[in-house]
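Notes follow once the structure below has been shown.
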Amino acid sequence: MSCCSSNPAENFMPEDIQEKIHNHPCYSEGAHHHYARIHVAVAPACNIQCNYCNRKYDCSNESRPGVTSERLTPEEAVKKVMYVGGEVQRLSVLGIAGPGDALANPEKTFKTFKMVREKAPDLKLCLSTNGLELPAFVDELVKYDIDHVTVTINSVDTTGEIGSRIYPWIFYNNKRYFGKEAAQILLERQLEGMKRCVEKGILIKANSVLIPGINDKHLPEVAKKLKEIGVFLHNIMPIISEPEHGTKFGLEGIPSATDQQQMEVQEACGMDMKLMQHCRQCRADAVGLIGEDRGQEFTKDTFANMIFDELEIKYDIEGRQESQAKIEEFRYFLDKANERVRKEKEELSSDGETILVAVTTAGEGMINQHFGSVKEFLIYEAGDRGIRFIHHRKVAYEYCAGPDGANPIDGIVEKLKDCKLILTAKIGGCPQDDLAKAGLIADQSYAFEPIEASVLKAARKYFNLPEELEAN
Ligand code: CLF
Ligand code: SF4
């Protein structure tokens, strides 16, 4: 398997790490256009309380708040994984991320992993936790070859002051702890657990929920600490907070973090740590490419009555391998087309001038989605020398499904007001004119072309430079 990626940061990594992340859609930004993940909800209990969580729903450390998934037994979960693996051959990762904390339910979590290891050996195994019980399970993680672990860590303040505003209590060693003491114990356990995982070669991704007014200014310190202990990737997740979610923060009126706040904090943290910028805060029962939502296609009645012999045929491991070999071929040519286009922020432009470019895509790294059906835009920063990925932005509704009586373009213009270009596979004259009035150029001349190379060409066209860039 070629581990070459269009992302230069990934190409500089040791080969064994490139190999590990190559088809993990969360750990490799390149992989997320091509490979899918599945979460199975086998872990209902939790051992801490976060003020952005409502226990009626799933763990919002790794999923969208306000979403409930179908609870599964380990056996049902394995059946689901095998069924989905047969249907979605690009499925490469199984994650256990709740609905409570994976390690507060160790029996169910590890029983599921053990069975999946046997029955679907080509899948990567991934786990997400608040970290309180992580030190106790490092050997178990190694035993089942679970080499991708996410820990949500929102503060490294050793006084417990910041943490106590986020966590009212934890339950540890059969005792409930409150306030600063609880936050201090949680932090100690998180750091110890992450260090021990790193020593064992487990790739740690850290999630930090960006909570404006509480930890936004503190997150660069978190990033520094993460780098110090050898964490692989840092994911800044903007808090999604509405009163109707019934969380403490939502009821207190703490609002969701904005795209701009996320960009500022990413900027400040990115000085120290490699950032994940393509997280979509998935639905808790998410299946498919990141950003895609196929969970509703695979409810219990689709797989629960099948026996394992039938599911083995359905899973069709050889068929999956053939299909993934084709993905790799496609990816190889895509990476060639995008070669040398990605740059670090300071190398994007010869004169410091850059613009933000919004792109519409249905996956596979191509500009292949019509403007009218877009629910989220990918945002890139581009100069005359190169481009970099910033994040995605969701819009409240697609242009073609906008609310009655209002111009559906308004919400989209508001979301993209700091962008200059939109690259899309197709757009009608009306929305194109409306966007132009708001100062946004919509360009469909890169339809069905690779995203990254097109963003650079379009930016150069915008700067009145020749579109083709000499090799540099
Ligand atoms: Fe799932 Fe998480 Fe593993 Fe990915 S999700 S357990 S690392 S397989 Fe990915 Fe979804 Fe973001 Fe999580 S986009 S919410 S980071
Ligand atoms: Fe909720 Fe997850 Fe926090 Fe537990 S760890 S309280 S499930 S957000």
Side-chain angles (χ1 to χ4, degrees), residues 21 23-29 31-32 35-41 43-69 81 91-105 109 113 123-134 146-154 163 166-171 182 186 190 202-209 211 232-241 245-249 275-293 295 376 391-392:
I21 65 167
N23 63 356
H24 194 306
C26 305
Y27 280 65
S28 160
E29 201 248 308
H32 99 279
Y35 286 100
R37 47 72 184 108
I38 178 171
H39 285 177
V40 288
C46 190
N47 45 10
I48 70 173
Q49 178 64 56
C50 306
N51 282 335
Y52 45 74
C53 175
N54 177 349
R55 290 297 182 73
K56 260 195 352 211
Y57 305 117
D58 288 357
C59 176
S60 39
N61 280 344
E62 188 75 359
S63 28
R64 294 207 135 236
V67 174
T68 337
S69 61
V81 170
L91 183 77
S92 63
V93 179
L94 157 69
I96 297 185
D101 186 75
L103 296 180
N105 303 260
T109 295
F113 280 139
L123 287 182
K124 281 188 193 311
L125 304 183
C126 194
L127 169 145
S128 171
T129 175
N130 58 43
L132 183 62
E133 288 302 335
L134 184 55
I146 300 159
D147 54 6
H148 296 76
V149 169
T150 294
V151 179
T152 299
I153 175 163
N154 297 318
I166 303 169
Y167 309 105
W169 58 259
I170 65 166
F171 190 74
L186 179 62
Q190 289 170 330
I202 295 170
L203 290 181
I204 297 284
K205 172 166 78 64
N207 284 351
S208 296
V209 181
I211 314 162
F232 178 71
L233 197 59
H234 192 193
N235 178 20
I236 312 285
M237 301 171 96
I239 188 172
I240 304 173
S241 179
H245 295 157
T247 64
K248 181 159 188 296
F249 283 157
L275 297 183
M276 175 186 188
Q277 289 166 291
H278 60 283
C279 175
R280 306 297 207 279
Q281 288 165 274
C282 319
R283 273 185 63 104
D285 49 4
V287 173
L289 294 170
I290 292 181
E292 187 181 56
D293 187 7
E376 67 170 28
H391 60 193
H392 70 284

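As a basis for the values below, the full set of heavy atoms in this structure was taken, side chains included, without hydrogen atoms, waters or symmetry mates. Numbering of ligands and ligand atoms starts at 1, following listing order. Here the structure is a predicted model, which means the values were calculated and not measured.
Relative orientation of the Tyr27 and His148 rings is perpendicular, given thresholds of 30° and 60° on the angle between their planes.
At a threshold of 4.5 Å between non-hydrogen side-chain atoms, the residues Val209 and Phe249 do not count as touching. Using a 4.5 Å heavy-atom threshold, the side chains of Ile146 and Ile202 count as separate. Looking only at side-chain heavy atoms (C-beta outward), Tyr35 and Val93 stay at 4.5 Å or farther from each other. For the pair Leu123/Leu91, a side-chain contact is recorded, criterion being any heavy-atom separation below 4.5 Å from C-beta on. Side-chain contact check for Leu203 versus Asp147: every heavy-atom pair is 4.5 Å or farther apart. For the pair Ile170 and Asn47, the minimum side-chain heavy-atom distance is 4.5 Å or more.
Within the protein, the N, O or S atoms sitting under 2.8 Å from atom 2 (Fe) of ligand 2 are Cys59 SG.
The closest approach between Met276 and ligand 1 falls below 4.0 Å for a heavy atom of the residue.
Looking at Lys205 against ligand 1, only its side chain comes within 4.0 Å, counting heavy atoms.
Protein heavy atom in closest approach to atom 1 (Fe) of ligand 1: His39 NE2, 2.2 Å. Of the protein's non-hydrogen atoms, Cys126 SG, 2.3 Å is the one closest to atom 3 (Fe) of ligand 1. Here the protein heavy atom with the shortest distance to atom 8 (S) of ligand 1 is Val93 CG1, 3.7 Å.
Between the side chain of Ser92 and the backbone N or O of Asn23, at least one donor-acceptor pair lies under 3.5 Å. Side chain of Ser208 to main chain of Ile153: a donor-acceptor pair is present (N/O by atom type, distance under 3.5 Å, no hydrogens or angles). Distance alone, capped at 3.5 Å, is enough to place a donor-acceptor pair between the Asp101 side chain and the Asn130 backbone. For Ser60 (side chain) and Tyr52 (main-chain N/O), a donor-acceptor pair under 3.5 Å exists by modelled atom type.
For atom 12 (Fe) of ligand 1, the tally of protein N/O/S atoms lying closer than 2.8 Å stands at 1.
With rounding to the nearest 0.5 angstrom, the CE atom of Met276 is 7.0 Å from the CG atom of Leu233.
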